[in-house]
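Report on the structure given below.
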Amino acid sequence: MLPVTIHDKQFVPYISNDAIQKRLLEMAQELNDTYKEQSPLFIAILNGSFVFAADLFRLVTVPAEISFVKLASYMGTSSSGDVVTIIGLPGLIQGRHIIVLEDIIDTGATLYKFIPQLLEHQPASLRLACLLSKPDALKYDVKIDYTGFMIPDNFVVGYGLDYDGLGRNLPDIYTLAGQ
Ligand code: IMP
Ligand code: MG
């Protein structure tokens with residue numbers, strides 16, 4: 001694997017697609033065990049998680065559904081600050097076993113706002129799976145149930161993750177050079 005340049009920055013190989021697939025298989029085996037009887041509904045958060053979701057979902061062998069949501073966040077005018085709008089939330093969450101799929105959890109801000117909104121729909125259970133997490137960057141109280149890889153607080157691209165719109169199509173994960 002060679003370094004890549006995206007926009008103005010150089011990135012070096014970090015986690016190979018082989019290593020990702022190996023880890024996804026382990027995660028899927030755990031999910032297949034836990035959700036044997038529960039016909040879970042996966043909810044993947046766009047854009048970043050579409051590659052992770054597609055690969056993980058194909059390793060899930062129990063009956064399962066998947067749906068995708070997009071979060072649009074902006075600064076509200078009220079003192080409550082950030083508002084998250086959910087686009088495309090599936091109607092039938094009540095009583096379902098939900099597994100939220102996120103590409104990377106950085107500060108945790110996104111999920112800290114999203115999870116309570118999902119809980120309002122009264123799922124039977126709700127767990128959170130992410131491909132990557134940055135424990136040193138976590139600022140919000142978000143409980144992660146399944147993590148692919150814990151990584152240091154460095155910027156990464158590839159495998160769905162972007163740097164300013166580009167890099168999502170790289171099969172492997174790269175990290176910013178010189179970090
Ligand atoms: P959080 O709300 O701070 O946890 O940030 C989560 C979102 O920020 C992720 O879904 C990504 O879209 C983006 N993000 C965080 N860290 C990175 C990174 O290292 N590379 C690319 N995107 C990132
Ligand atoms: Mg994202």
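We count ligands from 1, going down the list as the structure has it; atoms in each ligand are counted the same way. Keep in mind that the numbers below use all heavy atoms, side chains included, and drop hydrogens, waters and symmetry copies. Here the structure is a predicted model, which means the values were calculated and not measured.
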Review point. Hey, do the aromatic rings of Phe57 and Phe42 have their centres closer than 6.0 Å?
Key: yes

Exercise for review: For this output row, return yes or no: ring centroids of Phe11 and Tyr174 closer than 6.0 angstrom.
Suggested key: no

Could you list the atoms of ligand 1 found under 4.0 angstrom from a heavy atom of [X]?
X      : result
Glu102 : 10 (O)
Thr110 : 1 (P), 2 (O), 5 (O), 6 (C)
Ala109 : 1 (P), 2 (O), 4 (O)

Practice item. Between Leu161, Thr107, Leu132, flag the one that comes closest to atom 1 (P) of ligand 1 by a heavy atom. Key: Thr107

Exercise for review: Using distance alone, determine whether Val156 and ligand 1 share an N or O pair under 3.5 Å.
Suggested key: yes

Review point. Does Gly108 reach ligand 1 with a nitrogen or oxygen that is under 3.5 Å from one of the ligand's nitrogen or oxygen atoms?
Key: yes

Review point. Is a side-chain donor-acceptor pair under 3.5 Å present for Tyr35 with Arg127?
Key: yes

Does [X] come within less than 4.0 angstrom of ligand 1, counting non-hydrogen atoms of the residue?
X      : result
Val157 : no
Lys134 : yes
Asp162 : yes

Check your understanding: Is Arg168 reaching over with its side chain to a backbone N or O of Tyr163, donor-acceptor style, under 3.5 angstrom?
Key -> no

Practice item. State, with a plain yes or no, whether a side-chain heavy atom of Val51 is found less than 4.5 Å away from one of Asn169. Key: no

Practice item. Could you tell me whether the side chain of Lys22 reaches within less than 4.5 Å of the side chain of Leu25, counting heavy atoms only? Key: no

Review point. Out of Gln38, Glu65, Gln122, which one pairs with Arg96 under the side chain to side chain donor-acceptor pair (under 3.5 Å) rule?
Key: Glu65

